[in-house]
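This report refers to the structure that appears directly beneath it.
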Amino acid sequence: GPKVLQIPSHQIIDMGQMVTLNCDPVSNHLYFYWYKQILGQQMEFLVNFYNGKVMEKSKLFKDQFSVERPDGSYFTLKIQPTALEDSAVYFCASSSGLGPNQDTQYFGPGTRLLVL
Amino acid sequence: GEQVEQRPPHLSVREGDSAVITCTYTDPNSYYFFWYKQEPGASLQLLMKVFSSTEINEGQGFTVLLNKKDTRLSLNLTAAHPGDSAAYFCAVPRRSAGNKLTFGIGTRVLVRP
């Protein structure tokens with residue numbers, strides 16, 4: 001099936017530093033998503049993005065978070081500065097549209113972020 | 001907002017037995033749903049997209065039942081085998097919010113030989 005790639009697979013970073021998580025979505029997809037999963041807990045929506053803009057963000061999407069997709073390259077999630085509670089697995093997803101026949105979200109393998 | 005409750009959080013079954021996972025959701029206007037499977041260290045793999053027009057959906061080795069009256073969705077792994085050992089998540093999209101998915105907490109299934 002359609003594949004979403006995420007780079008890196010793991011990242012260890014000191015608290016206060018900046019980190020960028022990269023997502024390579026399915027090639028013809030237009031809608032992009034980030035989700036956060038703390039170990040053993042529920043996967044939670046962070047943000048979705050279309051046509052260069054954030055459509056919706058949750059309360060987990062703090063001011064230190066930002067997303068962009070410059071010129072059709074990677075869809076990125078940047079955290080600056082990082083905090084201990086940002087340690088989690090971050091999943092990227094993409095879909096081709098919003099209608100019931102287009103909105104299946106395909107997920108990447110996740111980036112495991114550890115903030116020390 | 002939408003709430004999704006998934007049970008049980010863990011399930012251990014013998015090979016050949018069935019395993020049932022249930023999700024209840026709060027928005028009665030939800031009209032389609034997703035089940036995803038996640039093997040350890042891997043991505044979420046789409047198992048099935050379930051439309052509310054169909055109460056029974058059959059896949060390879062599993063059946064999904066939808067009870068709209070009780071706002072309940074269930075995944076039944078029939079004749080489980082070790083390859084079914086994984087975490088399973090139900091998810092409900094919210095169309096008014098760009099289709100963000102609200103996930104259940106997940107069910108970790110272990111199929112013993």
Side-chain angles (χ1 to χ4, degrees), chain A residues 1-7 9-10 23-26 29-51 53-61 67 89-112, chain B residues 1-10 21 23-27 29-54 57 59-60 64 66 86-108:
Chain A
K3 288 215 183 297
V4 175
L5 304 176
Q6 288 187 242
I7 301 164
S9 59
H10 296 77
C23 173
D24 187 9
V26 178
H29 283 188
L30 301 174
Y31 293 83
F32 313 110
Y33 307 78
W34 284 105
Y35 293 84
K36 176 182 180 181
Q37 186 180 35
I38 293 175
L39 186 64
Q41 295 185 23
Q42 205 157 0
M43 188 164 321
E44 294 190 90
F45 169 81
L46 280 177
V47 66
N48 50 14
F49 189 86
Y50 167 72
N51 198 26
K53 295 176 190 169
V54 169
M55 291 192 297
E56 175 93 8
K57 55 186 179 181
S58 72
K59 60 178 187 285
L60 295 178
F61 194 80
V67 289
V89 183
Y90 291 83
F91 290 94
C92 171
S94 69
S95 69
S96 60
L98 290 182
N101 293 320
Q102 301 172 299
D103 72 334
T104 297
Q105 291 178 34
Y106 293 90
F107 284 79
T111 294
R112 283 142 190 82
Chain B
E2 174 71 81
Q3 304 279 334
V4 178
E5 189 173 317
Q6 182 172 346
R7 288 189 177 148
H10 297 89
I21 303 167
C23 287
T24 54
Y25 55 95
T26 53
D27 184 358
N29 296 317
S30 298
Y31 66 96
Y32 60 101
F33 313 87
F34 297 93
W35 281 101
Y36 286 93
K37 175 183 180 182
Q38 185 182 31
E39 295 178 2
S43 182
L44 277 77
Q45 170 195 349
L46 178 69
L47 266 186
M48 180 170 275
K49 184 173 185 177
V50 182
F51 286 92
S52 62
S53 55
T54 309
N57 293 266
Q60 285 191 327
V64 172
L66 175 62
Y88 293 82
F89 296 89
C90 60
V92 183
R94 188 165 166 206
R95 296 203 64 200
S96 61
N99 276 3
K100 72 172 191 178
L101 293 176
T102 300
F103 282 87
I105 198 164
T107 298
R108 278 123 192 102

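Values below: every heavy atom of this structure, side chains too, minus hydrogens, waters and symmetry copies.
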Return the option, out of P93(B), G104(B), G106(B), with the maximum number of heavy-atom pairs under 4.5 Å with chain A.
-> G104(B)
By a 4.5 Å heavy-atom criterion (distance strictly below it), what part of K49(B) contacts chain A: side chain, backbone, both, or neither?
-> side chain
Side chains of N99(B) and Y33(A), donor plus acceptor under 3.5 Å = no
Could you check if a side-chain atom of T102(B) sits within less than 4.5 angstrom of a side-chain atom of F45(A), using non-hydrogen atoms only?
-> no
Interface moiety of D103(A) toward chain B, non-hydrogen atoms closer than 4.5 Å = both
Quick one: what part of Q42(A) sits under 4.5 Å from any heavy atom of chain B, side chain, backbone, both or neither?
-> both
Non-hydrogen atoms of [X] and [Y] that approach each other most closely:
| X | Y | result |
| --- | --- | --- |
| S43(B) | G108(A) | OG-O, 2.6 Å |
| L101(B) | Y35(A) | N-OH, 3.0 Å |
| Q105(A) | Y36(B) | O-OH, 2.7 Å |

With chain B, the option among Q37(A), E44(A), M55(A) that has the most non-hydrogen atom pairs under 4.5 Å is Q37(A)
Between CZ on residue F91(A) and CD on residue Q38(B), distance to nearest 0.5 Å = 4.5 Å
Can you tell me if NZ on K37(B) sees more than 12 non-hydrogen neighbours from other groups inside 6.0 Å?
-> yes
